[in-house]
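These numbers come from a predicted model, not from an experiment. Order of the sequence lines sets the chain letters (A, B, ...), proteins ahead of strands, with each chain counted from 1.
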There are 2 protein chains.
Amino acid sequence: MIATPRECEPAVVDGTSSRLAVTPEPPYVAVIFSSIRRDGDHGYAATAQAMIERASAHPGFLGIEDAREDIGITVSYWASEAAISAWKHNAEHAATRQHGRQHWYAHFELRVA
Amino acid sequence: MIATPRECEPAVVDGTSSRLAVTPEPPYVAVIFSSIRRDGDHGYAATAQAMIERASAHPGFLGIEDAREDIGITVSYWASEAAISAWKHNAEHAATRQHGRQHWYAHFELRVA
């Protein structure tokens, strides 16, 4: 579950690169959240942005990437599994996950790799 | 780099679930390809679909998820690092990666976790 150095093909550095996560050399851990939304916002957009800001300030947070088309994929990168566990147990984050399970997602998968 | 069982929150099974990868119990390995496209298709769409079909038929392929918004994120899941290595060395795939580096992407990151 800890990424190890290998085969990271060189990135072309240009002005558009700021939207990809800038991760340090491995090892680090990736949390992959894949989801299909229910119809309607139901407070999702504002809360999602707030959660990204909270996570970004958490110890061990390294970066996040997010895209939604037919499905949504959010990948966050963390320094260690301990950092992920601490963020998982953040009370506001836990409450938001519970809310999301009930209101926002028709289907989701959470994978830690 | 091998995902281990943990905290996979239960998925709601409904008719929309087919667009998320259906992965077996861990361990498995995730390949996370994050990218920013250049303008224009330049043969991308057809080739990308063909590559997904080729990968899907490769031994050890478990599933793939893909979304593009400001950035694109493609996560493929594999039974082992050996399976990833075999697909990496597939001649057609290697040629397509080389083409993509030159024509399709302004910026990308490839991470194996």
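Not counting sequence neighbours, the partners of A/Glu92 by the salt bridge (Lys or Arg N to Asp or Glu O under 4.0 Å) test are A/Arg54.
A/Ile73 CD1 to B/Ile32 CD1: the interatomic distance, rounded to the nearest 0.5 Å, is 9.5 Å.
Interface remark: B/Ser35 contributes backbone atoms only to the contact with chain A (heavy atom separation under 4.5 Å).
When all heavy atoms of B/Ala113 and A/Ala30 are compared, the pair lying nearest together is CB-CB, 4.2 Å.
Using non-hydrogen atoms only and a strict 4.5 Å limit, the part of residues 58-71 of chain A facing chain B consists of A/Glu65, A/Asp66, A/Ala67, A/Arg68, A/Glu69, A/Asp70, A/Ile71.
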